[in-house]
Amino acid sequence: MAFAPSIFKAYDIRGIVPSTLDENVALALGKAFGTAALAQGEKTVAVGRDGRLSGPSLSAALIAGLVAAGVEVIDVGAVTTPMLYFAASTLANSGIQVTGSHNPKDYNGFKMVMAGKAIYGDEIQALRRTMDDESWTLRDGGSARTVDILDDYVQRIVGDIKLARPIKVVVDSGNGIAGASAPAIFRAIGCDVTELFSEVDGNFPNHHPDPSKPENLRDLIAKLQETGAELGLAFDGDGDRLGIVTQDGQNVFPDRQIMLFAQDVLSRVPGGKIVFDVKCSQRLAPAIEAAGGEALMFKTGHSLIKAKMRETDSPLGGEMSGHIFFKERWYGFDDGTYAGCRLLEIVSRHPDASAVLNGLPSSFSTPELNVTCAEGEPHVLVQRLVEQAKFDAPAKVSTIDGLRVDWPDGFGLIRASNTTPVLVLRFEGHTEEALHRIEERMVALLHTVKPGAQVGAAAH
């Protein structure tokens, strides 16, 4: 049976229900994943799902496939992706979350951990081949049992976090799955919480759960002003990413969050390597170095950052998209709720939380910009850009993931997305003039390989 090739992404399996992704896909994935897990000596697999409408039926089919392959399944039910990772760190070493992340409501998919590692790239393609060829091995002995992990997860966080003073916050879960757990956790660590859209509803009736988009933060900003709360926290659909808004409505982007987290972590892990992706601010590396750490820029992609952190024994990593990974005091996986708790712990040591965040180094920057391309075209274009790009000193060129050019007063980035057929562009300048100069230079370079390319705001 051949499945839609488009659903096998770089870091997960994801598609539109029911046109490209349905129970047949979930059943086949369960059989393929179970076969691969047992081949690695992994007998137990945890399974969770987010709040999407298609979650229960896809999860049931996935579990049936895993059981048919001879696996012992621990079904943790409706949980955030981080809670599934928690189960795969404490009850098992492998797990699958049925989630559409921050995509529109008719999407769903699967994020996977095998033997303690997030699987991506070639490993996902290997599962695809097993599914297409039906070359799995089915065994007797499979089983499924249900476990509620919420109490253990809450106790683990509450036991780790110590606020210096109570903080009043607004939490916007966007009707995603984080609404079922995050507000209670913030209360448990000592916060006064006003809730927005905590009811889990896969129709997402209020706004889409993607805090990286400014329009999705309007309700949070309005409620902050209405309540006089100190900070606003917003979650994406599956709870692995966090948005932060200050009292005056400023969005604290993830690369600036990492500056604060790095200062804190490095106070206990001096000299640690802090890993971040190529989309992050030029201001980040100097902030890490000033705090006594080693700044390590790497490719975009949550699975890739996690792998690099394991390789370098890094205590902290993060991505511009909002995935923050704590290894120090935690398990190394991305968790929006835990990152929010760590942030509140730091700012609670100061009388004014917003002043701490607004005081972090900042620049003038564009949001993530996209150029729509044909399937397969982005990587070809980036290769051509890398081959012909000529920049004089003091510009510094990095080709670790696309083409990033750093000048003393800002940077430009053009890279190929690993998940959709688009080029991803981002520009930053220490002044507005520098930003415009860099943007013009990089877009002119882009037009040498794709004449007439239209640059627009990213759509997720």
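Note: hydrogens, waters and symmetry copies are ignored here, and every other heavy atom, side chains too, is used. All residue numbers refer to positions in the sequence shown, counting from 1.
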List for me each residue that meets side chain to side chain donor-acceptor pair (under 3.5 Å) alongside [X], sequence neighbours excluded, and say none if there are none.
{"X": "Arg268", "result": "Asp264, Glu328"}
{"X": "Thr419", "result": "Ser417"}
{"X": "Tyr85", "result": "none"}
{"X": "Tyr331", "result": "Arg156"}

Which atom pairs, one a donor and one an acceptor, fall under 3.5 Å between side chains of residues 173-185 and the rest of the protein, sequence neighbours left out?
{"unit_1": "Ser173", "atom_1": "OG", "unit_2": "Gly179", "atom_2": "N", "d": "3.4"}
{"unit_1": "Asn175", "atom_1": "OD1", "unit_2": "Asn206", "atom_2": "ND2", "d": "2.9"}
{"unit_1": "Asn175", "atom_1": "ND2", "unit_2": "Glu199", "atom_2": "O", "d": "2.8"}

Counterpart residues, salt bridge (charged side-chain N to carboxylate O under 4.0 Å, His left out), relative to Glu226 (two or more places apart):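 Partners of Glu226 under the salt bridge (charged side-chain N to carboxylate O under 4.0 Å, His left out) test: Lys223.
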Salt bridge (charged side-chain N to carboxylate O under 4.0 Å, His left out) partners of Arg187, counting only residues at least two apart: Glu195
Residue pairs passing the salt bridge (charged side-chain N to carboxylate O under 4.0 Å, His left out) test where at least one lies in residues 74-88, sequence neighbours excluded: none
For residues 99-114, which residue pairs qualify under salt bridge (charged side-chain N to carboxylate O under 4.0 Å, His left out), counting only residues two or more places apart or in two chains? Lys111-Asp238, Lys111-Asp240
With His302 via ring pair (Phe, Tyr, Trp, His ring centres under 6.0 Å) - residues at least two apart: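 Ring pair (Phe, Tyr, Trp, His ring centres under 6.0 Å) list for His302, sorted by chain: Tyr11, His323.
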By ring pair (Phe, Tyr, Trp, His ring centres under 6.0 Å) - contacts of Phe110 (at least two apart): none
Show the atom names and distances, to 0.1 Å, of all donor-acceptor pairs under 3.5 Å that link a side chain in residues 34-58 to residues at least two apart or in another chain.
{"unit_1": "Thr35", "atom_1": "OG1", "unit_2": "Lys31", "atom_2": "O", "d": "2.7"}
{"unit_1": "Thr35", "atom_1": "OG1", "unit_2": "Thr137", "atom_2": "N", "d": "3.0"}
{"unit_1": "Thr35", "atom_1": "OG1", "unit_2": "Thr137", "atom_2": "O", "d": "3.3"}
{"unit_1": "Glu42", "atom_1": "OE1", "unit_2": "Ser94", "atom_2": "OG", "d": "2.9"}
{"unit_1": "Asp50", "atom_1": "OD1", "unit_2": "Arg52", "atom_2": "N", "d": "3.0"}
{"unit_1": "Asp50", "atom_1": "OD2", "unit_2": "Arg52", "atom_2": "NE", "d": "3.4"}
{"unit_1": "Asp50", "atom_1": "OD2", "unit_2": "Thr99", "atom_2": "OG1", "d": "2.8"}
{"unit_1": "Asp50", "atom_1": "OD2", "unit_2": "Gly100", "atom_2": "N", "d": "3.2"}
{"unit_1": "Arg52", "atom_1": "NH1", "unit_2": "Asn103", "atom_2": "O", "d": "3.3"}
{"unit_1": "Arg52", "atom_1": "NH1", "unit_2": "Pro104", "atom_2": "O", "d": "2.8"}
{"unit_1": "Arg52", "atom_1": "NH1", "unit_2": "Tyr107", "atom_2": "O", "d": "3.0"}
{"unit_1": "Arg52", "atom_1": "NH2", "unit_2": "Gly100", "atom_2": "O", "d": "3.4"}
{"unit_1": "Arg52", "atom_1": "NH2", "unit_2": "Ser101", "atom_2": "O", "d": "2.9"}
{"unit_1": "Arg52", "atom_1": "NH2", "unit_2": "Asn103", "atom_2": "O", "d": "2.7"}
{"unit_1": "Ser54", "atom_1": "OG", "unit_2": "Asn108", "atom_2": "ND2", "d": "2.8"}
{"unit_1": "Ser57", "atom_1": "OG", "unit_2": "Glu23", "atom_2": "OE2", "d": "3.0"}
{"unit_1": "Ser57", "atom_1": "OG", "unit_2": "Ser54", "atom_2": "O", "d": "3.3"}

